[in-house]
Amino acid sequence: MDSIRSELSSRHRELDKFVQLLKSLGNARDMNTPKRTLKGLFFVHAYAIVEYAVYSTVSRSIKIINSSFVNLSDIKCVMLSLALSSKISSIKDVGRNKIWDKKIELFNEIDINPVVNIDDYLMPTDGRNITTSQ
């Protein structure tokens, strides 16, 4: 987590430099094109920091969970969607004839309480901007 923290600190310092540069260009309401461009880049960079923080933290959390041999019942509800991702996908991808079997398999996982092994590549996103629920 220290490497994530140091990278975030570095990126925040870059944002501070953006702010200093924007302040040095004055407070005129009628922004010229370079200032407008810089302001847009500031927000792009700020969002990139948020995205980096989320992706890095989730990825690191998955590694910690997987290496700690944690049981399903011991993880927080917010991580269940990752821990049970393959079972959830199997419900989505199955035909009508087998849907109830797949639902039973999903809830049996909870009963069995296995050691969790989350796929390293999973990320709670729909491929667009990160939202609060993700």
Side-chain angles (χ1 to χ4, degrees):
M1 289 295 193
D2 285 338
S3 63
I4 295 171
R5 189 172 292 126
S6 65
E7 179 65 22
L8 288 173
S9 293
S10 172
R11 291 179 183 212
H12 277 105
R13 284 190 298 276
E14 291 170 0
L15 274 185
D16 287 340
K17 289 178 184 175
F18 259 115
V19 170
Q20 290 170 4
L21 180 58
L22 285 168
K23 283 181 180 178
S24 74
L25 295 175
N27 290 330
R29 297 202 97 174
D30 182 32
M31 291 193 300
N32 59 21
T33 303
K35 187 173 180 182
R36 187 176 304 152
T37 302
L38 280 174
K39 194 173 183 182
L41 288 173
F42 170 85
F43 287 106
V44 168
H45 196 63
Y47 180 76
I49 291 172
V50 171
E51 202 169 66
Y52 173 81
V54 170
Y55 277 78
S56 299
T57 304
V58 170
S59 178
R60 181 73 179 125
S61 298
I62 289 171
K63 286 178 183 166
I64 291 169
I65 289 169
N66 286 345
S67 66
S68 299
F69 304 103
V70 176
N71 287 81
L72 189 62
S73 63
D74 295 327
I75 65 171
K76 297 272 186 186
C77 287
V78 296
M79 296 298 282
L80 282 175
S81 62
L82 293 174
L84 296 171
S85 182
S86 63
K87 297 287 183 191
I88 293 168
S89 292
S90 71
I91 291 172
K92 177 184 65 107
D93 297 335
V94 75
R96 289 178 56 172
N97 294 341
K98 296 201 181 234
I99 194 161
W100 286 104
D101 294 336
K102 294 295 182 181
K103 287 179 181 181
I104 291 168
E105 280 180 34
L106 172 65
F107 290 106
N108 277 340
E109 259 330 93
I110 295 167
D111 253 359
I112 295 167
N113 194 26
V115 170
V116 174
N117 187 17
I118 302 172
D119 291 329
D120 291 340
Y121 67 88
L122 284 178
M123 196 54 57
T125 178
D126 58 5
R128 296 183 296 214
N129 289 347
I130 297 171
T131 63
T132 305
S133 65
Q134 297 167 333

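Remark: Val19 engages Lys23, Phe42 in a side-chain contact (heavy atoms from CB on, under 4.5 Å) (not counting sequence neighbours).
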Mind listing the side-chain donor-acceptor pairs of residues 82-106 below 3.5 Å, one per line with the distance, residues two or more places apart or on another chain?
from  : atom 1 : to    : atom 2 : distance (Å)
Ser89 : OG     : Ser85 : O      : 3.1
Ser90 : OG     : Lys87 : O      : 2.7

Side-chain donor-acceptor distances from residues 65-72 under 3.5 Å, at least two apart:
from  : atom 1 : to     : atom 2 : distance (Å)
Asn66 : OD1    : Ile118 : N      : 2.7
Asn66 : ND2    : Asn117 : OD1    : 3.4
Asn66 : ND2    : Ile118 : O      : 2.7
Ser67 : OG     : Lys63  : O      : 3.0
Ser67 : OG     : Ile64  : O      : 3.2
Ser68 : OG     : Ile64  : O      : 2.7
Asn71 : ND2    : Asn113 : O      : 2.8

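Atoms NE2 and NZ, on His12 and Lys17 in that order, are 14.5 Å from each other to the nearest 0.5 Å. Put simply, CD1 on Ile4 and CZ on Arg60 are 7.0 Å apart, with the number rounded to the nearest 0.5 Å.
Taking all atoms of both residues into account, the shortest heavy-atom contact from Ala53 to Leu8 is CB-CD2, 3.9 Å. Between Arg5 and Asp2, the shortest heavy-atom distance links the atoms NH1-OD1, 3.1 Å.
Other members of a hydrophobic cluster containing Ile112 are absent, since no ILVMFWY side chain comes under 4.5 Å of it, directly or through relayed contacts.
Under the 4.5 Å side-chain heavy-atom criterion for grouping Ile, Leu, Val, Met, Phe, Trp and Tyr, Tyr121 is connected to Val58 within one hydrophobic cluster. Note: the hydrophobic cluster containing Val115 does not contain Ile62 (ILVMFWY, side chain heavy atoms under 4.5 Å, direct or indirect links). Hydrophobic clustering places Leu41 together with Phe43 (ILVMFWY residues linked when any side-chain heavy atoms are closer than 4.5 Å, directly or through intermediates).
Between the side chain of Ser10 and the main chain of Ser6, no donor-acceptor pair closer than 3.5 Å is present.
The salt bridge (Lys or Arg N to Asp or Glu O under 4.0 Å) contacts involving residues 7-16 comprise Glu7-Arg11, where partners must be two or more places apart or lie in separate chains.
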